[in-house]
Protein chains: 2
Amino acid sequence: MAKMLRGATAQETHSAILDLIRSSGTVTRVDLADRSGLTGASISRVVKRLLADGLIIETGYGDPTGGKRATLLQFNPRARHAVGIAVDTPSTTYVVTDMSGRVIEQLSSRGIGKDAPATAVRRITAELEDLIVKAGIEPSTLVGVGVALAGRQGRGGTRLLRTDSEKYAWEPFAVRDTLKAAIDHPIVVENDSTCAAIGEFWAGKIPSVNDFATVYLAAGFGLGLMTNGDVYRGSSSNVGEIGHMVLDVNGPMCWCGGQGCLESLAAPAAVVARAEQDAALADKLGLRGRQTSVRADFAKIARLAAGGDPRCVQLIEESATYLAKALLSITNLLDLDQIILAGPGFSETGDIYVRLATQELNRLSFVRAMHPTRVELSKLGPSAAALGAASLVLHSQLTPHQNRS
Amino acid sequence: MAKMLRGATAQETHSAILDLIRSSGTVTRVDLADRSGLTGASISRVVKRLLADGLIIETGYGDPTGGKRATLLQFNPRARHAVGIAVDTPSTTYVVTDMSGRVIEQLSSRGIGKDAPATAVRRITAELEDLIVKAGIEPSTLVGVGVALAGRQGRGGTRLLRTDSEKYAWEPFAVRDTLKAAIDHPIVVENDSTCAAIGEFWAGKIPSVNDFATVYLAAGFGLGLMTNGDVYRGSSSNVGEIGHMVLDVNGPMCWCGGQGCLESLAAPAAVVARAEQDAALADKLGLRGRQTSVRADFAKIARLAAGGDPRCVQLIEESATYLAKALLSITNLLDLDQIILAGPGFSETGDIYVRLATQELNRLSFVRAMHPTRVELSKLGPSAAALGAASLVLHSQLTPHQNRS
DNA sequence: CGCACTTTAGTACACAACGTAAGGAAGTGG
DNA sequence: CCACTTCCTTACGTTGTGTACTAAAGTGCG
């Protein structure tokens with residue numbers, strides 16, 4: 001233990017001011033002084049430095065208010081870039097973003113499927129290097145590479161990855177170290193839910209003072225939590241395992257050993273399993289009934305539901321009802337005022353999940369009398385995790401741990 | 001908005017060092033330097049000041065390690081005092097504590113029952129003043145009064161209180177303002193669960209880097225959360241409403257409008273209701289079957305269970321099983337490594353709740369492979385909430401918002 | 001158009017807090 | 001007794017912020 005207090009270093013102050021500029025989009029020096037509590041003189045000094053570093057630019061003048069017009073400041077988007085990779089079973093998504101979280105270049109390739117870890121990582125490394133070249137960014141502006149994985153954090157910083165074929169096949173594999181050896185840039189690895197959360201935070205310009213949660217739906221449900229301008233990681237970086245929240249103590253057995261878990265009641269596999277009970281529907285959808293096609297089968301059901309097919313709408317609504325119950329419990333526990341739904345699982349029928357969750361929270365949430373809990377669909381689209389991974393890098397490199405309130 | 005950055009003021013550094021001394025019990029200057037990241041020179045300066053203020057004292061010398069023996073530092077317990085009041089339906093508990101959280105004087109009087117808010121607060125004010133005189137503490141060392149209430153935070157800092165008779169009878173009543181007008185000391189009001197958590201933190205010398213949760217059981221279940229050395233309050237200071245976590249989507253209706261809530265399945269009222277179904281048991285216990293005697297009736301059942309009565313043990317175990325499920329969900333969500341059970345509801349049979357929760361977490365928690373989640377009974381006894389309220393005052397006055405990591 | 005006023009931005013200097021370096025104090029072990 | 005270790009303090013330099021003042025750039029009215 002040896003890092004704690006160290007005075008208000010330039011680093012920290014610069015980070016804090018940069019964070020204000022990020023969440024504001026466009027601000028004046030006076031705004032910054034108001035919001036940071038620093039005096040104009042100090043802001044002047046910090047801003048001068050940020051301008052000199054090229055991190056921010058002056059972009060015009062504010063509206064007249066009876067005196068000298070204020071100079072507008074904002075990110076210099078091309079000052080820094082980041083790469084985000086979302087590694088998932090059916091597909092791998094790469095994005096190159098600028099400093100404001102805008103996607104400059106992207107690429108989708110096949111997922112890891114049943115590949116051995118070493119093979120998959122080798123391919124990812126190659127594709128990554130191609131992409132960086134193709135994006136045509138100045139190498140010195142690349143602050144790092146973020147990787148979003150479905151999995152848990154192991155003891156030694158290892159990232160565990162869940163695959164379809166074998167559970168925890170990647171268990172002993174140190175993704176981060178392997179990538180780090182192959183790529184000469186900072187590598188940050190996080191789970192997909194947390195990445196989605198920080199993606200919303202960064203690209204959505206959410207202020208550091210707002211606490212919110214993001215639910216990410218791919219193979220299963222995960223939750224990412226942002227508090228006080230930083231990711232909340234818990235005691236071993238394994239926050240957000242909501243897939244096995246107990247919603248029905250007498251419910252069906254789950255592979256985890258519990259009963260009535262959210263995952264066994266509402267995840268894509270559960271929805272597909274119910275669809276398969278209905279022979280006519282299974283036939284109509286051409287369900288393949290194989291473990292490995294669950295994600296594709298779920299997508300088919302979701303597409304039909306989005307198109308209005310009553311039976312499919314019913315199936316999705318059933319899933320959404322369970323998620324709504326889980327979100328109700330979570331909201332009561334954490335007093336959230338904003339929940340964002342992201343990930344491929346919500347891409348077709350996210351509005352159904354939003355509607356049912358909103359209804360449930362408005363009806364039963366304990367804090368509903370004080371403030372609403374907004375449930376929203378992510379605006380980042382299907383590459384939310386990849387974009388979030390890139391945002392994570394930007395956040396950790398440009399605005400490391402914000403403090404105070 | 002105007003408080004955020006302001007350099008590392010003496011205030012903040014002093015707070016941080018004082019917090020390290022609190023959680024260490026006894027430390028040397030060298031230890032403080034290691035743990036804080038400050039240099040020995042800076043520690044020297046800060047410690048000198050804390051000694052001059054009388055907040056800490058030198059209490060001897062450390063073990064020889066081949067050189068000059070280090071001077072031991074610890075709190076000067078009598079330097080400051082705080083008062084904590086736990087306002088509950090069946091009883092009101094007052095404690096006067098010293099700076100280390102030790103109880104110096106205490107008093108229990110009848111609860112608020114069906115009293116009107118103004119009447120109850122008037123009586124509390126009178127009893128409080130008597131107690132302060134009786135404790136014989138130097139008035140200038142009293143840093144403030146903390147109040148633990150069962151209730152929710154309203155919009156304008158109002159505290160809502162749940163009473164047996166009418167739900168939310170106290171709804172529009174501003175407890176804090178009323179007390180503040182009557183008592184010339186800082187007043188801090190919090191809900192009982194949060195107070196219990198900070199009581200463990202302070203009196204139990206838990207380091208600021210440890211995140212943990214406390215479950216408080218009085219009329220119902222509540223949860224208090226400490227993260228990064230401070231209370232986690234959420235967006236409207238209403239964190240911890242776990243009483244209405246959904247554990248059984250098809251379960252019995254709850255007064256809140258939901259189904260299968262933890263409270264309706266496992267709270268004292270539910271346990272008593274089940275006991276009343278059993279005519280023989282109800283007779284044996286002399287259950288009064290009245291709404292207002294639920295707490296007393298539950299205590300009877302708990303006492304018999306603690307004595308080994310099989311039927312009562314079964315009833316408590318049923319309640320504990322539901323709580324264990326809820327704690328499993330919460331642990332998976334927040335990646336906790338420590339959960340403390342506190343409050344009058346656990347005073348007789350807390351070990352049963354601890355045992356079943358530990359079992360469930362060891363069996364099903366997602367992080368069990370990384371680290372255990374310890375479930376422990378509070379060592380603060382039945383006055384945990386009052387002691388916590390006092391701790392809250394000490395914390396907010398002596399070590400305001402810790403930062404960094 | 002000129003002049004008084006407002007708002008923004010930057011500079012000079014003082015102050016506060018921490019780090020570095022050096023040395024004194026208090027002990028250990030040969 | 002003396003070399004060495006560890007603890008603690010003092011003196012001084014660096015860094016970052018606030019205060020006070022000034023310059024710059026606008027508005028609005030007569």
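Chain naming here is simple, since letters A, B, ... match the order of the sequence lines and numbering starts at 1 in each. Remember, it's a predicted structure, so these values are computed and weren't measured experimentally.
- Taking every heavy atom of both residues into account, B:V231 and B:M226 meet most closely at CG2-SD, 3.8 Å.
- Rounded to whole Å, the distance from CD on A:Q11 to P on D:dT14 is 21 Å.
- The side chain of A:P64 sits closest to D:dT27 out of D:dT17, C:dA17, D:dT27.
- Among the nucleotides C:dT7, C:dA17, D:dC8, the one closest to any side-chain atom of B:R45 is C:dA17.
- Atom CG in A:L32 sits about 12 Å away from atom P in C:dT8, given to the nearest Å.
- Looking only at side-chain heavy atoms (C-beta outward), B:S24 and B:D31 stay at 4.5 Å or farther from each other.
- Remark: C1' of D:dG26 and CG of A:D63 are 13 Å apart, rounded to the nearest angstrom.
- Within residues 47-55 of chain A, no residue has a heavy atom under 4.0 Å from DNA chain D.
- Distance from the side chain of A:A41 is smallest to D:dT19 among C:dA9, D:dT19, D:dT9.
- What you find for A:D335 and B:S236 is that their closest heavy atoms are OD2-N, 2.6 Å.
- In terms of position along DNA chain D, the nucleotide closest to A:G40 lies nearer the 5' end than the nucleotide closest to the other residue of the pair A:Y61 and A:G40.
- In the set D:dG16, C:dA9, C:dA26, C:dA9 carries the atom at the smallest distance from any side-chain atom of A:R29.
- For B:R374 and B:F212, the positive end is not near the middle of the six-membered ring at less than 6.0 Å and at most 45° from its axis.
- When the nucleotides C:dT20, D:dT17, C:dG10 are ranked by their closest atom to the side chain of B:T39, C:dT20 comes out on top.
- Of the listed nucleotides (D:dT6, C:dC18, D:dC8), D:dC8 has the atom at the smallest distance from the side chain of B:V30.
- Checked against C:dA17, C:dG27, D:dG18, the side chain of B:R69 finds its nearest nucleotide in C:dG27.
- Following rounding to the nearest Å, A:L72 (CG) and C:dA9 (C1') show an atom-to-atom distance of 14 Å.
- The side chain of B:T71 places an N or O atom within less than 4.0 Å of a non-bridging phosphate oxygen (OP1 or OP2) of D:dC8.
- With rounding to whole Å, B:D34 atom CG is found 13 Å from D:dT6 atom C1'.
- The NZ atom of A:K68 sits 6 Å away from the P atom of D:dA25 (whole-angstrom rounding).
- Residues B:G84 and B:A389 share a closest heavy-atom pair of CA-CB, 3.9 Å.
- Taking the charged nitrogens against the carboxylate oxygens, B:R233 and B:E190 do have a contact shorter than 4.0 Å, which makes a salt bridge.
- Proximity of A:T65 to the phosphate of C:dT7: no side-chain N or O atom is located under 4.0 Å from OP1 or OP2.
- Listed nucleotides: C:dC18, D:dC8, D:dG18. Nearest to the side chain of A:L38: D:dG18.
- For the pair A:S42 and D:dG18, the criterion of a side-chain N or O lying under 4.0 Å from OP1 or OP2 is met.
- When every heavy atom of A:A196 is checked against every heavy atom of A:T214, the shortest pair comes out as CB-CG2, 3.8 Å.
- Phosphate contact (OP1/OP2 of C:dC18, side-chain N/O of B:T13, threshold under 4.0 Å): present.
- For the pair B:R29 and B:E58, the salt-bridge criterion is met [side-chain N within less than 4.0 Å of a carboxylate O].
- The A:A70 side chain lies nearest to C:dT8 when the options are C:dT8, D:dG26, C:dA26.
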